[in-house]
Novice: 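Handing you this structure, nothing more for now.
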Amino acid sequence: MLASVYSGGLNGLEGYAVHIEVDCAAGLPYWEIVGLPDAAVKESKERVRAALRNSGFEYPSGRIIVNMAPADMRKEGPIYDLAIAVGVLKVSGQLEAGAYSEALFFGELALNGEVRPLNGILPMVIDAKERGAQCVFLPMQNAQEASYIEGIRIVPVSDLKQLAAILSGTEQPQVVTPETFRSLQVQEGMADFKYIKGQAQAKRAMEIAVAGNHNILLIGAPGAGKTMLARAIPSIMPDLSFEEALEITKIHSVAGELHGKAIVTTRPFRSPHHSASAPALIGGSAKARPGEVSLAHGGVLFLDELPEFKRETLEALRQPLEDGVVSVARVNAKVEYPADFMLAASMNPCPCGYYGDPERQCRCTPHQISRYLARISSPLLDRIDLHLEVSRPTYQELGSRAEEESSEQVKKRVDAARKIQLERYAGKGIFSNSQLKGNLLMQYCALQPSAQALLKNAFEVMQLSARAHNRILMVARTIADLEGCEQIDEAHLAEAIQYRTLDRKYWGA
Amino acid sequence: MPLTTKEIYWYWLTSCPGVGIGSVFAAADAGFSLEQLFYEPELLDNSAFRFTPDMRKNLKERANISRLLEEIEMHERKGIRICTAISPEYPQMLKDLWRPPATLYMKGRLTQFTEKSIAMVGSRHVSRKGAAAAKEFAGQLAESGITVVSGMARGIDTQSHWGALDAGGQTIAVLGCGVDVIYPQENADLYAAICDNGAIISEYLPGTEPKAQHFPLRNRIIAGLSQGTVLGEAGLRSGANITVNYACDYNRDVFVLHRGDGDGNFETVHKLLTMGAFEVTNAHEILDYYGWNAEKTAKFERKPAAEKPSGLDFFQEGIYNLLLKGDYSMQQMIELLHQPASKVSTALTMMELRGVVERLPGNQFGLKL
Ligand SMILES: [Zn+2]
């Protein structure tokens, strides 16, 4: 006797079909799974056997061979328990599944027969739909997650008994009704600019950074509110489109980071601790899990205490910052995950934290300060367009009753500036000012002679380092876009110059 | 000038780490000449010297004229001169001290010490105003031909040296390490400038690393080389207190520069004022005090409060008037002036480019001093 069941697997964010055959022959009890199963798949024997018995079914005696195709793809995780159980039920004649013979099954079994949720349901179901599947059975707790996919019947099941009842036609399936997507960018309770007192310059810098898709570095003493400011960045980023939301959800689904959410509706904010390893940040480790850079895809990656991160960890950020994707090596292949995020980082101005503080005396020597700064590799620093010094709010500021602008209002200006950039760069292969280089930079950041003279003068008077030049132009371009100006003028440049703190000579000198 | 044999014997004895002028006196008390010690090194075992075994080993190994000449030549190749306490160029003012440095190592153009020397000391961590006051005062001293003596440390020391150099004057840095060791490292520019326009001196053998216990002793040379010591901004724990104490011990004068007070830590200045120290605000007062004549045409008037620069727009003028009261952070200015961050940022860059304001660490801004 031979039974045939369908399921699927994941390679990175890409799904693929898995065809499972279960053969049962007379003989002494024997069980074998072939087709590159990992340890968790091999152990499904014990879970399937216990789940069948505890759900009132019989575990057939005899030689059972489970073959999983394609044989060259490694099968990972407990995804296939449900499919194997269905195969065993069919092959032993305990179940007829005529109406659902083409359906796909995903789910892990508990010993009592319950169906447990899985990571990565969203990309697997999307892939199944794209391959023409009509119907998918999946764990009840994953139903929400799959509910945004239209054009496929999604049947959630909570245990093996219920599944058998549906398959044999004694129970009507509760098909998930597709939801319509609504971006919930500004949610109540989310960090909002209106809750941040004062800090007008910092907020302005955030607005510029988001408007031009620039990375930003916040420099300030402990307690200056750097983290609070960074957390508010997603609230002024453009709304998520459904495609973006789906892509972000896929990543979070694979990483098991959805925590019961159906779909990611807000831009992610990830802040890994500085002790995080390079695989945790970039992705990899045993199961080629997406790292923090991919979990921050479409949102903000916040590196608090930047100089405390290990050098090799920061070096590994260069590829995602450059390409917007990361390649993660796994046993027999390379997996690519999207990793297009806005980098926000924070640091103290010096090891003790009080360099330049008006109230507390910094006790660091200039040598200690320059050593501290040197911990940030310059290729990484080169990818950060804005440096912002954040000072601790005064008591007056904290107590001020002045009405602060809300994120919603700021976002309107950001959206307008982004729209200008999208139109200007249509067909040019880039979409924001932060990506300008070479000829495009010269073309779109051309300066009038008077502005040219101002920039030259600034380099001389302020002794800026050479790497500041293009960054100032790009940021000035964004400031001009926020004002709706086609030409960068002196005022735009003059403001942009204020955001290159670390290029100033006095810093650590 | 090549060293005389007497000076070479002196150098031999006093360049041994741990040997000071006390050993020279001990030899005299015991009735030995240095020449005798040199040729009969077993005399070094005499308990009157209290030499350690290491010191005896060092001295015995080096009791060889050709070896010493080699050592001296090596110093000279590095531009280092040896000035023993019996050398003619040894500063007279140090000879008056109890236990003066036995041998000085010197680098730089300055060869003749003058009695018209004033020490300037203060804290390593200073406020911007305290630093600017010291720099300006040192400049006034140097302009009138007075040599400014200090220790090349961070803060007041560094400012004082630069003040003298920028005024085209002469300055001496006394180090707590070998004269060929640049400490602190960030003062490499200053070190080179002092070599060109003054002298770097130390009683430590070239190559000696800075050690905490060297600095108090170094301060006695700073005080000793100077007719008077001017104390700038300094807290109660500043090493400048030690220099002031030496100056008092040596019967030299102590002045306090009570300017730029308000932002920084002037505790020692206040303490000395209550003890009757002489308060100065202008180098003229020092010249008067000693009856010295200014050697060059000196511009003594304190810089008048800077004229309001012309050509500021209305808004920039508002910022200027605000900064007349003190330094402010960008955030404070945005609030006090009720203007958006973009406008304040732009105006500040424009004013900085015109040399009106200065950006300070911590996102603070002040008028250019
Ligand atoms: Zn510090």
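In what follows, chains carry the letters A, B, and so on, assigned in the order in which the sequence lines appear, proteins first and then strands, with residues in each chain numbered from 1.
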Novice: Does the structure place the NZ or CZ of B:R124 under 6.0 Å from the centre of the six-membered ring of B:F215, at an angle of no more than 45° from the ring's axis?
Specialist: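 The answer is yes, since B:R124 meets both limits relative to B:F215.
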Novice: Can a side-chain donor-acceptor contact be found between B:R359 and B:Q364 if the only test is distance below 3.5 angstrom?
Specialist: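 Short answer, no.
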Novice: Just checking heavy atoms, which of residues 342-353 of chain B are less than 4.5 Å from chain A?
Specialist: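 Checking residues 342-353 of chain B against chain A gives B:S342, B:S345, B:T346, B:L348, B:T349, B:M350, B:E352, B:L353.
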Novice: Hey, are A:H214 and A:S434 close enough side-chain-wise for a donor-acceptor pair under 3.5 Å?
Specialist: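 No, A:H214 and A:S434 have no side-chain donor paired with an acceptor closer than 3.5 Å.
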Novice: Quick one: are A:L381 and A:L217 in side-chain contact, heavy atoms under 4.5 Å?
Specialist: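 Yes. Closest side-chain heavy atoms under 4.5 Å.
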Novice: Using a heavy-atom distance cut-off of less than 4.5 Å, which residues of residues 151-159 of chain B contact chain A?
Specialist: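 From residues 151-159 of chain B, the residues near chain A are B:R154.
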Novice: Using a distance-only test with no angle check, is there a side-chain donor-acceptor pair under 3.5 angstrom linking B:N363 and A:S391?
Specialist: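 No.
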Novice: According to the interplanar angle, ranging from 0 to 90°, do the rings of A:F459 and A:H469 count as parallel (below 30°), tilted (30 to 60°) or perpendicular (above 60°)?
Specialist: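 Correct class here is tilted.
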Novice: Check each atom of A:I208 against the heavy atoms of chain B and say whether the ones under 4.5 Å are side chain, backbone, both or neither.
Specialist: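 The answer is neither part of A:I208.
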Novice: When you check the gap from the basic side-chain N to the acidic O, do A:R204 and A:E495 get nearer than 4.0 Å?
Specialist: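 Yes, A:R204 and A:E495 are salt-bridged.
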Novice: Judged by modelled atom types alone, do A:N433 and A:N213 share a side-chain donor-acceptor pair under 3.5 Å?
Specialist: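 A:N433 vs A:N213: no donor-acceptor pair found between side chains.
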Novice: Are the charged groups of A:D415 and A:K419 less than 4.0 angstrom apart, N to O?
Specialist: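 No, A:D415 and A:K419 are not salt-bridged.
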Novice: Does the distance from a Lys or Arg side-chain N to an Asp or Glu carboxylate O, for A:E405 and A:R413, drop under 4.0 Å?
Specialist: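 Looking at A:E405 and A:R413, the cut-off is met.
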Novice: Measuring heavy-atom distances to chain A, does B:Y328 have an atom under 4.5 Å in its side chain, in its backbone, in both, or in neither?
Specialist: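 B:Y328 has no heavy atom closer than 4.5 Å to chain A.
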Novice: Distance only, no hydrogens: is a donor on one side chain within 3.5 Å (strictly under) of an acceptor on the other, for A:D304 and A:S346?
Specialist: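 Judged by distance alone, the side chains do pair up.
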Novice: Does any heavy atom of chain B fall under 4.5 Å from the side chain of A:E460, the backbone, both, or neither of them?
Specialist: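 Looking at A:E460, nothing touches chain B.
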Novice: Please check if the number of heavy atoms outside A:R375 that lie under 6.0 Å from its CZ is greater than 12.
Specialist: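 Yes, CZ of A:R375 has more than 12 neighbouring heavy atoms, counting only those of other groups under 6.0 Å.
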Novice: Can you tell which part of A:Y499 gets under 4.5 Å to a heavy atom of chain B, answering side chain, backbone, both or neither?
Specialist: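 Just its side chain gets close to chain B.
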Novice: In terms of heavy-atom pairs under 4.5 Å, which option from B:Q185, B:M330, B:E358 contacts chain A the most?
Specialist: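 Highest number of pairs under 4.5 Å: B:M330.
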